[in-house]
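Report on the structure given below.
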Amino acid sequence: MAIKPEDFFKNVISHCKEYGYIFQSSEIYDGLSAVYDYGQNGAELKKNIREYWWKAMVQLNDNIVGIDASIFMHPTTWKASGHVDAFNDPLIDNKDSKKRYRADVLIEEHVAKIEDKIEKEVDKAKKRFEGFDEAMFRSTNARVLEYQIKINDINNRFKTALNAGDLAEVKQLIVDLEIVCPVSGTKNWTDVRQFNLMFSTSTGAVTDESNIIYLRPETAQDIFVNYLNVQKTGRMKLPFGIAQTGKAFRNEIVARQFIFRMREFEQMEMQFFVKPGTEMQYYEEWKTKRLNWHLSLGLGKEHYKFHDHLKLAHYANAACDIEFQFPFGFKELEGIHSRTDYDLKQHEQFSGKKLQYFDVEKNESYVPYVVETSVGLDRLFLSILSSALKEETLEGGDTRTVLSLPPALAPIKVAVFPLVKKDGLPELAEKIINTLKFDFNVTYDEKDTVGKRYRRQDAIGTPYCVTVDHQSLEDNTVTIRNRDTMLQERMNITAIYTFLEERVSIKSLLKSL
Ligand code: ATP
């Protein structure tokens, strides 16, 4: 029987805890809402994802360099970027349950329900008609068209209201759509209000207004304020990119869905500086490149889709998300935005310093345009982990839990087992580990039957297990067992290194790009 998505998501969360991937922050004090810690395996998986992103961006592109800037920035940065005045979410409370929601999320979820209805109609028709033409059905079926018109109407009304800053109309839309609070089930809503998402603290000993400092809500602004430092010292020519990975902080109100939406999270961003007028070409190029990067992880093409932004942020002239099919539906994984010259111009204005590029060919200076790619490391982690977790029924009716992580990202690359704890087998296993440990994360296990040891590694996601047996002492061969196929092959000990390098190194993944 197929497992319900919400039950599957619960399994993902408990698997993360049981196998040292993710723990609730400060768990012994009952946890801190929307803050999580990565455990021994989670830290490795996260590091590997970050490394793959960094190398694909910085190492493989000779016109992209990386920086590592501070979380704290001069407070005027956030005035200039628009975050002090406009980094808001529209909030609405249900008076009965006292629960707070993001108005845009309530509306998006309502639209998603109508989209589900369309998919159900399509599925029904697929089963009914042989030689089913989906495009034709979508463009002619009366019920599908009716749903589609409804969705367009909602989206248009919502977009117009947000663009006009008309919060009363946003509330009216929620009322007209008869959206109910999932907790109380009532439509007893407050007005919609704007709420700033930045965390603030203060520097120095005196706490007053002038010492207020923010925890950065995005890593992008560090890149903009360092644009000229990097361009000059790196003698960078347009087009060029600056990449950065690091923590960002947002006082998210609707902080559910595990590590999908956290108050402290990590971003991996790249700002690509281009000549004005060429930004659309690079926007399209980066859309393709970033989607290909995601596809290289092998989680399945059908799990990704582009979603164009209905309401463009104040700085953008084009923007879309790469959405991923999480256990709770298609949601934003990465944003790709054409940010124009907005940020650099704002920083010029607020700092009084020129942030321009001298174009030798044109013999003139101008402010470059920017195309940004911005992905959440934690969301990527969740996309990978939730697609990897499988419950399989084996021949003979046995079941196994396996985490089919992309091998190059797995926390442990290979486990080495002696068949028994004697006859020199542990010593030979240790020798093998010593030839591998400088390049790969290796683990040793001698407890329980080999079958049980395989199961433990399957659940952690270790792609290969090497077993040393008595034959190994005679002919220097071992068995190597594949996590996904469960097949074993015999191989000479000297061949293990190359075998692994071709399959589990970040290099092997980079080569597939
Ligand atoms: P959302 O609409 O889901 O709030 P956003 O559009 O505000 O996201 P961006 O500002 O474009 O997100 O940030 C870029 C990326 O950072 C997102 O695509 C996402 O992967 C990640 N991200 C943003 N907010 C969070 C968060 N609270 N927790 C985890 N990751 C986040």
Side-chain angles (χ1 to χ4, degrees), residues 22 25 32-38 42 46 49-50 53 78 81-83 86-91 101-109 111-112 158 162 194-199 215-223 243-271 283 286-287 290-291 293-294 304-316 318-326 328-339 343 370-386:
I22 297 171
S25 158
L32 182 64
S33 166
V35 187
Y36 291 91
D37 297 339
Y38 287 84
K46 194 176 172 198
I49 303 171
R50 191 192 296 111
W53 181 89
W78 305 111
S81 67
H83 283 81
F87 193 52
N88 299 320
D89 273 346
L91 296 185
Y101 299 92
R102 266 174 60 179
D104 55 332
V105 172
L106 285 180
I107 293 168
E108 271 165 23
E109 282 173 356
V111 167
F158 181 49
L162 276 190
Q194 293 286 19
F195 176 85
N196 194 289
L197 298 181
M198 279 199 295
F199 279 105
L215 273 73
R216 66 180 178 201
E218 62 175 29
T219 55
Q221 298 304 323
D222 288 297
I223 297 181
Q244 176 169 228
T245 72
K247 288 277 173 117
F249 303 82
R250 296 182 188 179
N251 195 3
E252 300 278 6
I253 293 307
V254 185
R256 284 173 305 202
Q257 296 166 327
F258 197 36
I259 58 168
F260 178 82
R261 190 176 299 287
M262 295 196 285
R263 299 206 163 103
E264 173 179 342
F265 58 100
E266 194 163 335
Q267 288 186 315
M268 306 197 289
E269 298 198 300
M270 193 279 298
Q271 309 295 329
Y283 173 68
W286 278 108
K287 275 174 71 173
R290 290 304 303 146
L291 181 64
W293 184 90
H294 288 287
Y304 300 88
K305 68 177 183 196
F306 281 112
H307 168 79
D308 287 323
H309 281 200
L310 284 175
K311 177 184 185 278
L312 289 178
H314 55 280
Y315 51 74
C320 69
D321 300 330
I322 296 179
E323 291 191 342
F324 182 82
Q325 192 171 26
F326 288 96
F328 37 83
F330 271 101
K331 297 273 178 216
E332 171 175 348
L333 175 62
E334 168 153 5
I336 299 165
H337 312 128
S338 172
R339 291 182 82 125
D343 302 88
V370 173
V371 173
E372 155 184 273
T373 73
S374 173
V375 63
L377 177 49
D378 314 271
R379 283 194 193 174
L380 253 174
F381 186 109
L382 183 58
S383 71
I384 293 168
L385 204 125
S386 60

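Counting starts at 1 for both ligands and their atoms, following the listed order.
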> Have Glu269 and Gln244 got a donor and an acceptor in their side chains that come within less than 3.5 Å?
Replying inline: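 The criterion, which ignores hydrogens and geometry beyond distance, is not satisfied for Gln244 and Glu269.
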>> Between Glu334 and His294, is there a side-chain donor-acceptor contact under 3.5 Å, judged purely by atom types and distance?
In response: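 Indeed, the side chains of His294 and Glu334 share at least one donor-acceptor pair under 3.5 Å.
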Among all protein heavy atoms, pick out the one at the shortest distance from [atom]; state its residue, atom name and that distance to 0.1 Å.
atom                    : value
atom 19 (C) of ligand 1 : Arg379 NH1, 3.5 Å
atom 16 (O) of ligand 1 : Gln267 NE2, 3.3 Å
atom 2 (O) of ligand 1  : Glu332 OE1, 3.5 Å

> Below 4.5 Å, heavy atoms only, C-beta onward: do Ile49 and Ile384 meet side chain to side chain?
Replying inline: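 Ile49 vs Ile384: side chains touch.
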>> Do His309 and Asp321 make a side-chain contact, defined as non-hydrogen atoms from C-beta onward lying under 4.5 Å apart?
In response: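 Counting from C-beta outward, His309 and Asp321 do come under 4.5 Å.
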Run the numbers for me: atoms of ligand 1, each under 4.0 Å from some heavy atom of [X], listed by number.
X      : value
His337 : 11 (O)
Ser374 : 13 (O), 14 (C), 15 (C), 18 (O)
Glu252 : 24 (N), 26 (C), 27 (N)
Arg261 : 1 (P), 3 (O), 4 (O), 26 (C), 27 (N), 28 (N)
Gly335 : 18 (O)
Glu334 : 18 (O)
Met262 : 26 (C), 27 (N), 28 (N), 29 (C)

> Measuring from the heavy atoms of Arg250, does anything fall under 4.0 Å of ligand 1?
Replying inline: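 It does; at least one heavy atom falls under 4.0 Å.
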> To which of Val375, Leu333, Thr373 does the heavy atom nearest atom 20 (O) of ligand 1 belong?
Replying inline: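 Heavy atom nearest to atom 20 (O) of ligand 1 belongs to Leu333.
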> If you measure from atom 29 (C) of ligand 1 to every heavy atom of Phe260, Phe87, Phe324, Phe249, which option wins on shortest distance?
Replying inline: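 The nearest heavy atom belongs to Phe260.
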Is any N or O atom of [X], backbone or side chain, closer than 3.5 Å to an N or O atom of ligand 1?
X      : value
Phe265 : no
Gly376 : yes
Glu269 : no
Asp378 : no

> Within 45 degrees of the axis of the six-membered ring of Trp293 and under 6.0 Å from its centre: does Arg290 put its NZ or CZ there?
Replying inline: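 Judged by the rule, Arg290 and Trp293 form a cation-pi pair.
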> Regarding Lys331 and the six-membered ring of Phe260, is the cationic atom NZ or CZ under 6.0 Å from the ring centre and inside 45° of its axis?
Replying inline: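 Verdict for Phe260: no cation-pi partner in Lys331.
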> Is there a donor-acceptor pair under 3.5 Å between the side chain of Arg102 and the backbone N or O of Asp89?
Replying inline: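 Not at all, since once roles are kept as given, no pair shorter than 3.5 Å links the two residues.
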> Would a distance-only check, ignoring hydrogens and angles, find a side-chain to backbone donor-acceptor pair under 3.5 Å from Gln267 to Thr219?
Replying inline: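 Indeed, once roles are kept as given, a pair shorter than 3.5 Å links the two residues.
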>> Side chain, backbone, both or neither: which applies to Arg102 and ligand 1 if a contact is any heavy-atom pair less than 4.0 Å apart?
In response: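 Side chain only.
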>> Tell me if the centroids of the rings in Phe326 and Phe324 come within less than 6.0 Å of each other.
In response: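 Yes, ring centres under 6.0 Å apart.
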>> Please enumerate all residues that pass side-chain contact (heavy atoms from CB on, under 4.5 Å) together with Asn88, with sequence neighbours excluded.
In response: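 Asn88 satisfies side-chain contact (heavy atoms from CB on, under 4.5 Å) with Gln194, Asn196 only.
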> Roughly how far, to the nearest 0.5 Å, is the CD1 atom of Ile259 from the CG atom of Asp37?
Replying inline: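 That separation rounds to 12.0 Å.
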